[in-house]
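Down below is the structure, laid out as structure tokens.
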Amino acid sequence: MGKIKYELLKEEKNTKARLGIIETNYGRVNTPIFMPVGTQATVKTLSPEELKDIHCGIILSNTYHLWLRPGENVVDQSGGLHKFMNYDGPILTDSGGFQVFSLARNKKKDIIEEGVKFKSHLDGTNLLLTPEKSIEIQNKLDSDIAMSFDECIPYPATYEYAKQSTERTLRWAKRGKDVHNNPNQSLFGIVQGSEYEDLRKWSAEETVKLDFDGYSIGGTSVGEDKDTMYKMVDYAIKYLPKDKPRYLMGVGDPIDLIEGVIRGVDMFDCVLPTRLARHGNCFTHHGRINIRNQKYKEDFTPLEESCDCYACKNYTKAYIRHLIVANETFGARLLSIHNIRFLVKLMEDLRVAIKEDNILEYKEKFIKEYENK
RNA sequence: GUGGAAUUGGUGAAGGGGUUAACACGGUGGAUUGUGGUUCCAUUAUGCAAGGGUUCGAAUCCCUUAUUCCACC
């Protein structure tokens, strides 16, 4: 079939929230959508069947990690990432830029026009990842959506640094696009610009000129406060075309998802639900809870009465607490199922709210309940 | 019965006269936003077997008692 197709179905009356469908070679997904992260070709602790039960549409995987291990050629020989990991839903691959930048020891010397020099986290080997290399790897991985190689600018950043980095990210986007040659894979561009309105505008407009299949807003959720993050989204999104999906990278806090949707974002990804799960934290409509807390030791109720996930339908807080305290992996798995389901269900609810033009009421009710605990 | 050694928090323990008893595990809270999968941070003994004594000052020295262990009869 080829590249993804995005169809805008409806814009909410009172906000910029939008309802849409992304059609991929591996099925259709409704937007706005939350995408769980499966860095090393697995959403940690979960099987593809469990992911299907949660109704998550797209999952992420990571170029950096699969490049180093097992290597993109192994994935290629196996028949591509879908076959390799036995997942027949859509997959998006992150470019590896985020990882590589965090591994670069000396920012001034290691970040060069050609790419980023860094040491492998596996064996310390000196490596160079370039925009071309990232796209070539993603071509071979054969994900449905590939991401341009960019710099996720740390926060805070000076205007000067943000400007030169944002300009370089644009040059990298073009270089990546020029070598992209997988007809079944779509390619997204990434808007940077840190917190500066004119840089966000420039980055969005110039990236759109390169004509990508979708656009993402990067450089968020890197330590800035929430209002700053929302501003970054506002600054960028008004210059993005309506007929392409918009993806806010790395955002997964429930309230941030709502705020993002209201601002016109269609796609989100985040490690938060699975990472929190591994550390015993759990989303509920009354706020986050730490299942390790002693008060749950003899609590034989589910994590949430109203939740339809496998963990809530079959297990108690006391049991899951025991598993987490005893460091049993089944505990992390049950909490991962619940946390991902919580965010996926939140997006389902938001789609209904967009349909009914009452997303602001939904937000108010959700926040009131979530923050009162 | 005689002689010797030991007794520090939930656990393993350091400290052999000088202000707030090391460290580790465990416990209890908290953190975590394009994942370097068991991480990070905080907190956790007003007390060193019990009682008495020496000393300006004692977990550290002395005495008594209790308990445990070892050796000998």
Side-chain angles (χ1 to χ4, degrees), chain A residues 34-46 58-69 92-104 118-124 134 138 143 145-155 169 188-192 215-226 228-230 232-233 247-257 259-260 265 267-283 287-297 321 323-333 335-336 339 343:
Chain A
F34 175 78
M35 311 179 287
V37 177
T39 306
Q40 308 200 69
T42 172
V43 175
K44 294 184 194 305
T45 75
L46 299 189
I58 305 182
I59 61 168
L60 254 72
S61 200
N62 188 279
T63 301
Y64 166 77
H65 289 277
L66 297 180
W67 174 38
L68 292 201
R69 186 171 56 188
L92 181 153
T93 42
D94 193 14
S95 71
F98 187 82
Q99 286 66 37
V100 156
F101 273 92
S102 72
L103 291 165
F118 66 98
K119 285 183 184 298
S120 160
H121 76 282
L122 296 178
D123 58 11
S134 171
Q138 295 186 73
S143 54
I145 300 172
M147 297 304 301
S148 292
F149 185 77
D150 70 328
E151 180 186 6
C152 176
I153 300 173
Y155 181 86
T169 283
F188 278 29
I190 304 176
V191 178
Q192 289 292 341
Y215 297 92
S216 73
I217 298 165
T220 55
S221 58
V222 287
E224 77 281 14
D225 59 69
K226 286 183 180 277
T228 303
M229 180 170 98
Y230 302 151
M232 291 176 177
V233 175
Y247 163 26
L248 181 56
M249 304 181 85
V251 170
D253 179 85
I255 291 171
D256 293 344
L257 294 181
E259 294 289 354
V265 175
M267 304 160 72
F268 303 85
D269 81 283
C270 195
V271 303
L272 205 57
T274 42
R275 179 184 288 167
L276 288 180
R278 273 177 270 124
H279 296 152
N281 280 73
C282 153
F283 293 125
R288 255 167 58 182
I289 67 172
N290 184 344
I291 200 68
R292 302 183 72 104
N293 287 176
Q294 196 166 40
K295 60 186 169 192
Y296 302 120
K297 190 170 184 178
R321 175 184 189 274
L323 295 178
I324 292 290
V325 167
N327 218 2
E328 285 290 345
T329 56
F330 190 46
R333 186 160 139 213
L335 286 182
S336 291
N339 281 348
L343 296 184

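Reckoned from all heavy atoms, side chains included, excluding hydrogens, waters and symmetry mates. Chain identifiers are assigned alphabetically (A, B, ...) following the order of the sequence lines, protein sequences preceding nucleic acid strands; residue numbering begins at 1 within each chain.
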Can you pull every protein N or O that's under 3.5 Å from an N or O on nucleotides 38-40 of chain B?
residue: U38(B); atom: O2; partner: N327(A); partner atom: OD1; Å: 2.6
residue: U38(B); atom: N3; partner: N327(A); partner atom: OD1; Å: 3.3

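- Donor-acceptor pairing under 3.5 Å is recorded for the side chains of T93(A) and Q138(A).
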Using atom types as modelled, flag every donor-acceptor pair under 3.5 Å from a side chain in residues 62-69 of chain A to any protein atom, sequence neighbours excluded.
residue: N62(A); atom: OD1; partner: Y64(A); partner atom: N; Å: 2.9
residue: N62(A); atom: OD1; partner: H65(A); partner atom: N; Å: 3.1
residue: N62(A); atom: ND2; partner: Q99(A); partner atom: OE1; Å: 3.0
residue: T63(A); atom: OG1; partner: D94(A); partner atom: O; Å: 2.5
residue: Y64(A); atom: OH; partner: H121(A); partner atom: N; Å: 3.3
residue: Y64(A); atom: OH; partner: H121(A); partner atom: ND1; Å: 2.6

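- At a threshold of 4.0 angstrom between heavy atoms, the contacts of G223(A) with the nucleic acid are absent.
- Base contact: I190(A) has a heavy atom under 4.0 Å from a base atom.
- For N290(A), no side-chain nitrogen or oxygen approaches OP1 or OP2 of G29(B) to under 4.0 Å.
- Side-chain nitrogen and oxygen atoms of H65(A) include at least one within less than 4.0 Å of the OP1 or OP2 phosphate oxygen of G36(B).
- Checked against V265(A) for a side chain to side chain contact (heavy atoms under 4.5 Å, CB included), the options L257(A), D256(A), L248(A) give a single hit: L248(A).
- Regarding contacts with the backbone of U35(B), every side-chain N or O of Q40(A) stays at 4.0 angstrom or more from both OP1 and OP2.
- Consecutive Watson-Crick or G-U pairs involving RNA chain B, each under 3.5 Å on both distances, make up stems of three or more pairs at B:1-7 with B:66-72, B:10-12 with B:23-25, B:26-31 with B:39-44, B:49-53 with B:61-65.
- Using a 4.0 Å heavy-atom distance criterion, T274(A) is classed as a base contact.
- K119(A) comes within 4.0 angstrom of no nucleic acid atom, judged by non-hydrogen atoms across all strands.
- Residues passing the ring-ring contact (aromatic ring centres under 6.0 Å, His included) test with F149(A) are W172(A), sequence neighbours excluded.
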For nucleotides 25-28 of chain B, give me every protein contact, N/O to N/O, under 3.5 Å, one pair per line with atom names.
residue: U28(B); atom: OP1; partner: R321(A); partner atom: NH2; Å: 3.0

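- Here the side chain of N339(A) pairs a donor or acceptor atom with the backbone of N281(A) at under 3.5 angstrom.
- Within 4.0 Å of D253(A), counting heavy atoms only, lies at least one base atom of the nucleic acid.
- Residues passing the salt bridge (Lys or Arg N to Asp or Glu O under 4.0 Å) test with K119(A), sequence neighbours excluded: none.
- Contact annotation for N281(A): base contact, defined as any heavy-atom pair under 4.0 Å involving a base atom.
- Across A49(B) and G9(B), the matching C1' atoms stand 14 Å from one another, rounded to whole Å.
- Backbone-only contact: L272(A) has heavy atoms under 4.0 Å from sugar-phosphate atoms and none from a base.
- Nucleotides G57(B) and G53(B) are separated by 15 Å at their C1' atoms, to the nearest Å.
- Nucleotides C41(B) and A45(B), compared at atom C1', are 22 Å apart to the nearest Å.
- Across all strands shown, L122(A) has no heavy atoms under 4.0 Å from either base or sugar-phosphate atoms.
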